[in-house]
Amino acid sequence: SQSFGQGFIAGRSDYQFASAGRRLMAAVPPEPSRGQMDAALAAADEPARRRSLAALLATVVAEASEPLATPDPALLRMEYALWENLHRPGGAELLVQASGTGRARAFRLCQQHWGAGPATVLRRERLRLARSLLAVGLPVAEVAWRCGFASRQVFTRAFHQEHGQAPRAAKGPAA
C-alpha cells in the first residue's frame, strides 16, 4: 500500500509519502500547492479532479523540499491530530490528549512550534480551511460543519473576530 498526504498548517505545507514501513516527510512552500489542492477540491467532475491532483503531485515532486526535522514525538502526535481533526467538533483537548503529555507540556510545545496555545492553533487552522471552502462557494452552514464548529453562529462569530467580516462576504461563486 502506498499513500500521499499533504497538510497546510501555520503557513507551511508538510507532505508525506509512505509505503510498507517507509516514510518520507518534508515541507514545501504552501503555494502553489495550496491553490492546486483547492482547485482539486472544487473540480466540477472526476477528470478535472484527477488533472488537478496530478498537477499538485507534480508540483510537490518538483519543489525544493526541506526534510522535516524529527520533532518531539508528542509534537508530531499533536500535528497529526490537528490534520485529522480540523473537520471534527472538539477543542484544545483533541491536541492535548493526542500529545500523550500533560496539559502544560502540550501547551509549551504548541507555543514553541506554532506560536500559540492548542485552542488558538486549532481555531486558526479551522478558519484558514473555512476561508478556502468559502472561496469555492460552499454555503456558510456547510463550511461551519466541515470545519468542526459547533454551529453556524459559533463559526460566524469566530470568522468575524478573525477576519473583520461575515463569512458570506468571503464567499466565492457557488460551486
Side-chain angles (χ1 to χ4, degrees), residues 5-15 27-44 48-49 52-53 55-56 59-60 63 66 68 71 74-99 103-175:
Q6 186 170 11
F8 302 97
I9 297 175
R12 68 178 214 268
S13 176
D14 297 345
Y15 69 85
V28 293
E31 292 300 338
S33 57
R34 179 184 281 273
Q36 291 170 316
M37 180 69 77
D38 290 343
L41 292 171
R49 186 172 297 109
S52 294
L53 288 173
L56 170 64
T59 298
V60 169
E63 284 283 350
E66 292 182 30
L68 294 179
L75 178 62
L76 192 55
R77 288 190 297 271
M78 284 193 294
E79 191 158 292
Y80 284 144
L82 184 57
W83 280 16
E84 293 171 358
N85 290 294
L86 285 180
H87 65 287
R88 294 187 178 118
E93 73 279 356
L94 293 169
L95 301 183
V96 172
Q97 287 174 356
S99 75
R103 182 171 287 286
R105 182 152 188 271
F107 187 99
R108 208 169 33 257
L109 285 169
C110 277
Q111 282 284 46
Q112 291 168 350
H113 190 66
W114 291 304
T120 301
V121 170
L122 189 58
R123 179 176 179 263
R124 181 177 59 205
E125 295 307 324
R126 283 179 170 158
L127 290 170
R128 186 174 285 156
L129 173 61
R131 196 166 187 78
S132 295
L133 295 174
L134 289 166
V136 298
L138 290 179
V140 173
E142 184 173 344
V143 171
W145 175 75
R146 284 188 182 199
C147 295
F149 286 91
S151 69
R152 178 186 172 144
Q153 293 77 16
V154 170
F155 166 63
T156 298
R157 191 170 34 256
F159 193 91
H160 190 271
Q161 286 173 344
E162 182 77 14
H163 299 293
Q165 64 181 13
R168 69 180 175 281
K171 275 190 65 161

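Count residues from 1 along the sequence. Side-chain atoms are counted along with the backbone in the values below, which use heavy atoms only and exclude waters and symmetry mates.
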From Leu94 CG over to Met78 CE, what is the distance, rounded to the nearest 0.5 angstrom? 12.5 Å
CZ on Arg123 to CZ on Phe155, rounded to 0.5 Å: 10.5 Å
Could you state the interatomic distance from CG (Leu109) to CH2 (Trp114), rounded to the nearest 0.5 Å? 8.5 Å
Check whether any side-chain heavy atom of Ser132 lies under 4.5 Å from a side-chain heavy atom of Met37, and answer yes or no. no
Considering non-hydrogen atoms only, spot the tightest contact between Glu63 and Val28 and give its length. CB-CG1, 3.6 Å
Heavy-atom pair with the smallest gap, counting every atom of Glu31 and Gly35: OE1-N, 3.3 Å
Should Arg131 and Glu162 count as side-chain neighbours, where that means a heavy-atom distance under 4.5 Å? no
When rounded to the nearest 0.5 angstrom, what distance separates CZ in Arg108 from SG in Cys110? 11.5 Å
Which heavy atom in Ala116 sits nearest to a heavy atom in Val121, and how many Å separate them? O-CG2, 3.7 Å
Donor-acceptor contact below 3.5 Å, side chain Arg126 vs main chain Asn85: yes
Leu133 and Cys147: CA distance, side-chain angles, deciding distance, side chain to side chain contact (heavy atoms under 4.5 Å, CB included) verdict: CA-CA 9 Å; Leu133 295 174; Cys147 295; 3.8 Å; yes
For Leu127 versus Ala158, what's the shortest heavy-atom pair and its separation? CD1-O, 3.8 Å
Arg146: what forms a salt bridge (charged side-chain N to carboxylate O under 4.0 Å, His left out) with it, not counting sequence neighbours? Glu142
By salt bridge (charged side-chain N to carboxylate O under 4.0 Å, His left out), which residues pair with Arg105, not counting sequence neighbours? Asp72
Distance in Å, Glu93 CD paired with Leu122 CG, rounded so as to fall on 0.5 Å steps: 8.5 Å
What is the ring orientation for His163 with Phe159, classed by angle as parallel under 30°, tilted 30 to 60°, or perpendicular over 60°? tilted
Check Leu56 against Ser33 and note the closest heavy-atom contact, atom names and distance. CD1-CB, 3.4 Å
Check Ala98 against Ala81 and note the closest heavy-atom contact, atom names and distance. CB-CB, 3.3 Å
Just jot down the salt bridge (charged side-chain N to carboxylate O under 4.0 Å, His left out) partners of Arg152, sequence neighbours excluded, or say none. none
